[in-house]
Asks: 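Have a look at the structure that comes next, please.
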Amino acid sequence: MKEQAESIKSEVVSSIKNVNTLSDLANLKAKYLGKTGSITELTKNMKDLSIEERKNVGQITNILKNEVTEIFETREREINDAILNEKLSKEVIDVTLPSKKIKRGSLHPMTRITEEFEDFFVSMGYTVYDGPEIESDENCFQKLNIPVGHPARDAQDTFYLSNEVEKFLLRSQTSTAQVRAMEENVDKGPIRIVCPGKVYRRDEDATHSHQFMQIEGLVIDKNISMADLKGTLEMMMKRVLGEKTKVRFRPSYFPFTEPSVEVDVTCFKCGGKGCNLCKQTGWIEVLGAGMVHPDVLTMSGYDPKVYQGFAFGTGLDRMAMFKYGIPDIRTIYGNDIRFIEQFDRKDED
Ligand code: DAH
């Protein structure tokens, strides 16, 4: 009996070597361990045996059954591993292949230029201040020293929202933020803000749009002088338009500043030599500024004997047009994706 069991086992061991598929393995398994399999057959005539013999045969067949089952299980694992390995080697992924190009979005040039200014001023300790586009006549003009009937209103052809001139309008300048910031500051202490935003005027040609953007700056503190204004604007222009940029201050007039200046920068197209962009002068006017007028301080609750301030305002569209070489302001607001795509982070790569 023992020899018989041994020979069945060695038969299984040798024939299983040639089996390479799971279905062949199942067939072979049935041949030995199935209902009519040769190992099952061994116990077939048990009932005719003596108790002693029955015990013996039972024990031997059980051991054989366990051993053979284990042999089948091991082979099954081997076959499964081989199937998996073959699959893995066939489905290999080449990680060095170039990926599909992902189309990156691009920031609108106005967003970019605004963020550049904001970054610069935040790094200097300023706060970015936001004001409404619908404003009162008081904030937009009167408290900036431009009373009703003042000729300075003519320079800003304004959209009034009612027939009563003193009521509401679409702000024509971000200088309104000066008034708001001073009035909201209940302690009447120092202020350092920039306010970028949309403004509206009744204008429309290649360099003027009925809606455009400005950025306003206001600093109020003790011992503020023209030197602070000059240094700040020089740094700002160099940061935005390039280190080589030179800045020139010319005396000017704004009702809400005294003294007032207009600021020119060296032409970035010709570097100051003279070209068609700067009309052969080498300079381009970019900004209005000055020391906050004592009356403007007083109207918003500041004592001009204690506090001084400087303010400036510049057109962001003009800056973007210069910096990115945009010839027509209307393309900025035309909403044409082909225009915006040209600013696909070119100068960031
Ligand atoms: N608000 C003026 C404009 O739109 C620009 C300006 C000039 C702003 C002088 C200022 C300033 O803060 O001090 O034309």
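Counting starts at 1 for both ligands and their atoms, following the listed order. Residues take their numbers from the sequence shown, with the count starting at 1.
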Asks: Closer than 4.0 angstrom: is that true for some heavy atom of Arg201 and an atom of ligand 1?
Replies: yes
Asks: Looking only at protein heavy atoms, which one is nearest to atom 8 (C) of ligand 1, and what is the separation?
Replies: Gly313 N, 3.3 Å
Asks: We want to know whether Glu258 and Tyr253 form a side-chain donor-acceptor pair, criterion being a heavy-atom distance below 3.5 angstrom.
Replies: no
Asks: Is there a donor-acceptor contact under 3.5 Å linking the side chains of Gln178 and Glu216?
Replies: yes
Asks: May I have the step-by-step check of ring-ring contact (aromatic ring centres under 6.0 Å, His included) for Phe343 and Tyr324, ending in yes or no?
Replies: CA-CA 8 Å; Phe343 303 91; Tyr324 305 127; 5.4 Å; yes
Asks: What atoms of ligand 1 come within less than 4.0 Å of a heavy atom belonging to Glu216?
Replies: 8 (C), 10 (C), 12 (O)
Asks: If only side-chain N and O atoms count, and only distance matters, is there a donor-acceptor pair under 3.5 Å linking Ser38 with Glu41?
Replies: no
Asks: For ligand 1, which atoms sit closer than 4.0 Å to a heavy atom of Gln178?
Replies: 12 (O)
Asks: Suppose we measure from atom 11 (C) of ligand 1 to each protein heavy atom; which comes out shortest, and what is that distance?
Replies: Phe256 CE1, 3.4 Å
Asks: For a quick check under 3.5 Å, do Asp137 and Gln142 share a side-chain donor-acceptor pair by atom type?
Replies: yes
Asks: How far is atom 1 (N) of ligand 1 from its nearest protein heavy atom, and which residue and atom name does that atom have?
Replies: Gln173 OE1, 2.7 Å
Asks: Does the distance from a Lys or Arg side-chain N to an Asp or Glu carboxylate O, for Glu78 and Arg75, drop under 4.0 Å?
Replies: yes
Asks: Using a 4.0 Å cut-off to any heavy atom of Phe254, which atoms of ligand 1 qualify?
Replies: 7 (C), 9 (C)
